[in-house]
Participant: 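Quick one: the structure is below, questions incoming.
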Amino acid sequence: MVMTRSHLSDATLQKLPAGTKIPAYDRGKVAPGIVHLGVGAFHRAHQAAYVDECLAAGETEWGIIGVSLRSPDTRDALSPQDGLYTLAIRSSGEEELRVIGSIQSMLVAPEDPGAVLAALTDPRARIVTLTITEKAYLRAAGGGLDTAHPDIIHDLANPHIPKTAHGFLAEALARRLAARTPPFTVLCCDNLPANGATLHRLLTEFAALRDASLATADGTAIADHIANQVAFPSSMVDRIVPATTDVDRARVAGELGVDDAWPVMTEPFRQWVVEDNFPAGRPAWEKFGVTMVGDVGPFEDMKLRLLNGAHSGIAYLGLLSGHDTVDRAFADPAIRQFVDGLWAEAIPTLPEDAGLDTSTYTAELAERFSNTALAHRTAQIANDGSQKLPQRIIASAIECLEAGTEFVYLTLVVAAWIAACAARGNTLPENHFTDPLDAALTALLEQQLPANETVTAVFDLAGFAKDHAERQTLIELTAVHLVHLRRDGPTLAFAALGI
């Protein structure tokens, strides 16, 4: 007879093994103060964990209503568990299990957009946070809103039944304005440059198009309201969150004695730097390690260029070198030396007067990249390169050009991305990682054009360094690396750098 194991839920919390951290508050007394768009693993390892600590400290007005804009998978996993899940904090030597209770309920936007709008217009909801990934902001190559995107076209034609984050935010803010409910604060937690300001600009642009076909109830343009009355603080987030595997699920279930459909794996390190601009109030995040500042920019640039930039380099060069995980790639002496060179080029592009301790930060990164317990897959990091490389790599390269400093490591990352895309279906599995430009990229790379022509076409397609005076220099430097990668993979590319 097969014994059925019970699953994680409010009813089984008190039965968990001693030493397991569980919510230290009455979940029934928590009010929904935050609506989060894009409830993926990162949000559950980062913002939701911070909020969980605030709730335990008695700030019970900040429960989270989670919203998936696309898939019901997270809702289907968490709803039977009363929104509970296990956060497994792993280092090379140990693992700490902590049950997070800050997510009160989950909504799936395509199934019930009305329920999402009801959550967004609830006067108790004073903050809306987002982790929807870079590509979901639907930016065109020039940085503005992609007005030709089918979902944007849908939302402008059907503003009361939105599909996109832009559509939901604009409609909810319009309804709150009509009801004389103060606007919520919009807190972007994605890896966009100046993410709060970027989302503010994109949403204002969307709302202006919306105003052209639909006025708010009192005749006030919602674009003006968003532009002048809604706060969009910027933030910088940092925590490595690899994809959960079936092995992870089995291990966590064995430790807890109950099944958890979707535990989240993460590292001990975490960082959140937030611009302190919350007119409607906020949790006391600073009590739990969040850095509240007037300007997030320098911290954001340090993270994007040193952590995320190195991650992209490790991912593409690791894939081309046959390494499946970050720790294995970083243990490769050539890739380790490459990362040091990349940091040496990127660090001078950061502001000297912002109090950044880049030496300590890169030492911490080296330790994090070496964490064998995470098994962070290089293919996972490799996704969406066309959206990530502009702020992670291209921005640093442009600043080097403008400062007149030499660089070679930065452009190797771009060349490695192109080479890794070309390798799919050959030396790499066909769908090993994906990119929003995959259809056009595949068609281009199949032509096997000379390196300079290939790089020029890729830059045109992705909008890299568009209209910049030194764009051709970036193309030429990248093409040299691509020639080496095509001839003998990373071995020749590294040798050309003296590695």
Participant: If you count heavy atoms of other groups shown closer than 6.0 angstrom to CD1 of Ile153, is the number above 12?
Facilitator: yes
Participant: We want to know whether Thr349 and Arg305 form a side-chain donor-acceptor pair, criterion being a heavy-atom distance below 3.5 angstrom.
Facilitator: yes
Participant: Just by distance, do the side chain of Asp327 and the backbone of Ala373 share a donor-acceptor pair under 3.5 Å?
Facilitator: no
Participant: Counting only N and O atoms by type, is there a donor-acceptor contact under 3.5 Å from the side chain of Tyr316 to the main-chain atoms of Ala382?
Facilitator: yes
Participant: Keeping the roles fixed (side chain from Glu345, backbone from Val408), state whether a donor-acceptor pair exists under 3.5 Å.
Facilitator: yes
Participant: With a sphere of 6.0 Å drawn around CD of Glu367, does it hold more than 12 non-hydrogen atoms of other residues, nucleotides or ligands?
Facilitator: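 Not buried by this count: 12 neighbours or fewer within 6.0 Å.
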Participant: Distance check, rounded to the nearest 0.5 Å: Thr325 atom OG1 versus Arg377 atom CZ?
Facilitator: 10.0 Å
Participant: Given side chains that start at C-beta, do those of Asn191 and Glu134 come closer than 4.5 Å, heavy atoms only?
Facilitator: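 Answer yes - side chains close enough.
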Participant: Could you tell me which non-hydrogen atom of Thr473 sits nearest to which non-hydrogen atom of Leu401, and how far apart they are?
Facilitator: CG2-CD2, 3.8 Å
Participant: When you compare the side chain of Thr74 with that of Ser68, does any pair of heavy atoms fall below 4.5 Å?
Facilitator: no
Participant: Work out which heavy atom in Ile240 is nearest to a heavy atom in Thr266; give both atom names and the distance.
Facilitator: O-OG1, 3.0 Å
Participant: Would you please say whether a donor-acceptor pair under 3.5 Å links the side chains of Thr121 and Arg175?
Facilitator: no
Participant: Between Leu199 and Leu192, is a side chain to side chain contact (heavy atoms under 4.5 Å, CB included) present by the stated rule, with each step listed?
Facilitator: CA-CA 9 Å; Leu199 178 54; Leu192 300 175; 5.5 Å; no
Participant: For Met236 versus Glu300, what's the shortest heavy-atom pair and its separation?
Facilitator: CG-CA, 3.6 Å
Participant: Between Asp435 and Ser386, does any side-chain donor sit less than 3.5 Å from a side-chain acceptor?
Facilitator: yes
Participant: Of all the heavy-atom pairs spanning Ala109 and Val116, show the shortest one and how long it is.
Facilitator: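 Taking every non-hydrogen atom into account, CA-CG2, 3.8 Å.
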Participant: Do you know which two heavy atoms are closest between Val241 and Met265, and how far apart they sit?
Facilitator: CG1-O, 3.3 Å
Participant: Kindly say whether Leu107 contributes a backbone atom to a donor-acceptor pair with the side chain of Arg75 at under 3.5 angstrom?
Facilitator: no
Participant: Run the side chain to side chain contact (heavy atoms under 4.5 Å, CB included) test on Leu202 and Arg139 for me, step by step, so that the C-alpha distance in whole Å, both residues' side-chain angles and the decisive distance to 0.1 Å come before the verdict.
Facilitator: CA-CA 8 Å; Leu202 291 170; Arg139 292 172 295 161; 3.6 Å; yes
Participant: Using modelled atom types and a 3.5 Å cut-off, is there a donor and acceptor pairing between side-chain atoms of Arg98 and backbone atoms of Ala49?
Facilitator: yes
Participant: Is the shortest side-chain N to carboxylate O distance from Asp238 to Lys303 below 4.0 Å?
Facilitator: no
Participant: Evaluate the side-chain proximity of Pro242 to Val326: yes if any heavy-atom separation is below 4.5 Å, no if none is.
Facilitator: no
Participant: If you draw the axis of the six-membered ring of Tyr85, does the NZ or CZ of Arg44 fall within 45° of it and under 6.0 Å from the ring centre?
Facilitator: yes
Participant: Report the relative orientation of the aromatic rings in Tyr50 and His46; use parallel for angles under 30°, tilted for 30 to 60°, perpendicular for over 60°.
Facilitator: perpendicular
Participant: Out of curiosity, Leu412 CG to Leu342 CG, how far, rounded to the nearest 0.5 Å?
Facilitator: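 It comes to 9.0 Å.
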Participant: Determine yes or no for a side-chain-to-main-chain donor-acceptor pair under 3.5 angstrom, with Ser234 supplying the side chain and Gly196 the backbone.
Facilitator: yes
Participant: Quick one: do Asp155 and His166 satisfy side chain to side chain contact (heavy atoms under 4.5 Å, CB included)? Show the steps, please.
Facilitator: CA-CA 8 Å; Asp155 280 7; His166 307 299; 5.5 Å; no
Participant: Drop me the distance from Thr131's OG1 to Leu187's CG, to the nearest 0.5 angstrom.
Facilitator: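 With rounding to 0.5 Å, OG1 (Thr131) is 10.5 Å from CG (Leu187).
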Participant: With rounding to the nearest 0.5 angstrom, report the OG1 to CH2 distance, Thr244 to Trp262.
Facilitator: 7.5 Å
Participant: Parallel, tilted or perpendicular: which fits the ring planes of Phe338 and Tyr409, with parallel below 30° and perpendicular above 60°?
Facilitator: tilted
Participant: For the backbone of Gly83 and the side chain of Gln104, can you confirm whether one donor and one acceptor N or O come within less than 3.5 Å of each other?
Facilitator: no
Participant: Where do His36 and Gly38 come nearest, in terms of heavy atoms and distance?
Facilitator: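 Smallest interatomic distance, heavy atoms only, reads NE2-O, 3.2 Å.
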Participant: From Ile65 CD1 over to Ile103 CD1, what is the distance, rounded to the nearest 0.5 angstrom?
Facilitator: 10.0 Å
Participant: Please test Thr185 against Arg282 for side chain to side chain contact (heavy atoms under 4.5 Å, CB included), starting from the C-alpha separation and ending with a verdict.
Facilitator: CA-CA 9 Å; Thr185 297; Arg282 62 168 177 82; over 6 Å; no
Participant: Flag the pair Val458 / Trp417 as yes when at least one side-chain heavy-atom distance between them is below 4.5 Å, and no otherwise.
Facilitator: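 Sidechains of Trp417 and Val458: in contact.
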Participant: So how far is it from Phe464 CZ to Arg471 CZ, rounded to the nearest 0.5 Å?
Facilitator: 10.0 Å
Participant: Between His376 and Phe369 (judged by ring centroids, cut-off 6.0 Å), do the two rings come close enough to count as a pair?
Facilitator: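 Judged by ring-centre distance (under 6.0 Å), His376 and Phe369 do not meet the cut-off.
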Participant: Taking Asp248 for its side chain and Pro263 for its backbone only, find out whether a donor-acceptor pair lies under 3.5 Å.
Facilitator: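 No.
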Participant: With heavy-atom distances below 4.5 Å as the criterion, would you say the side chains of Val237 and Gln47 are in contact?
Facilitator: yes
Participant: Do NZ/NE/NH1/NH2 and the carboxylate oxygens of Glu59 and Lys287 come within less than 4.0 Å?
Facilitator: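 Looking at Glu59 and Lys287, the cut-off is not met.
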Participant: Name the one of Val128, Thr129, Asn195 that satisfies side-chain contact (heavy atoms from CB on, under 4.5 Å) with Cys188?
Facilitator: Asn195
Participant: Checking side-chain contact (heavy atoms from CB on, under 4.5 Å) against Leu203, which of Ile222, Thr198, Leu173 comes through?
Facilitator: Leu173
Participant: Judged by atom type as modelled, is there a donor-acceptor pair below 3.5 Å linking the side chain of Arg27 to the main-chain atoms of Asp82?
Facilitator: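 It does hold such a pair.
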Participant: Name the orientation class of the two ring planes belonging to Phe330 and Trp343 (parallel below 30°, tilted from 30 to 60°, perpendicular beyond 60°).
Facilitator: tilted
Participant: Hey, does Ile127 have a side-chain heavy atom less than 4.5 Å from the side chain of Phe184?
Facilitator: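 Not touching, per the 4.5 Å side-chain cut-off.
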Participant: Are Asn277 and Pro279 side-chain neighbours, meaning at least one heavy-atom pair lies under 4.5 Å?
Facilitator: yes
Participant: For Ala48, is there any backbone N or O sitting under 3.5 Å from a side-chain donor or acceptor partner on Ser102?
Facilitator: yes
Participant: Can you check whether Val67 reaches Leu120 side chain to side chain, under 4.5 Å on heavy atoms?
Facilitator: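 The answer is no, as the side chains (C-beta and beyond) never meet within the 4.5 Å cut-off.
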Participant: Below 30° counts as parallel, above 60° as perpendicular, anything between as tilted: where do the rings of Trp272 and Trp285 land?
Facilitator: tilted
Participant: Taking the basic N atoms (NZ, or NE/NH1/NH2) and the acidic carboxylate oxygens, is any pair closer than 4.0 Å for Arg210 and Glu171?
Facilitator: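 Glu171 and Arg210: salt-bridged.
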Participant: Would you call Lys21 and Asp52 a salt bridge, taking side-chain N to carboxylate O under 4.0 Å as the test?
Facilitator: no
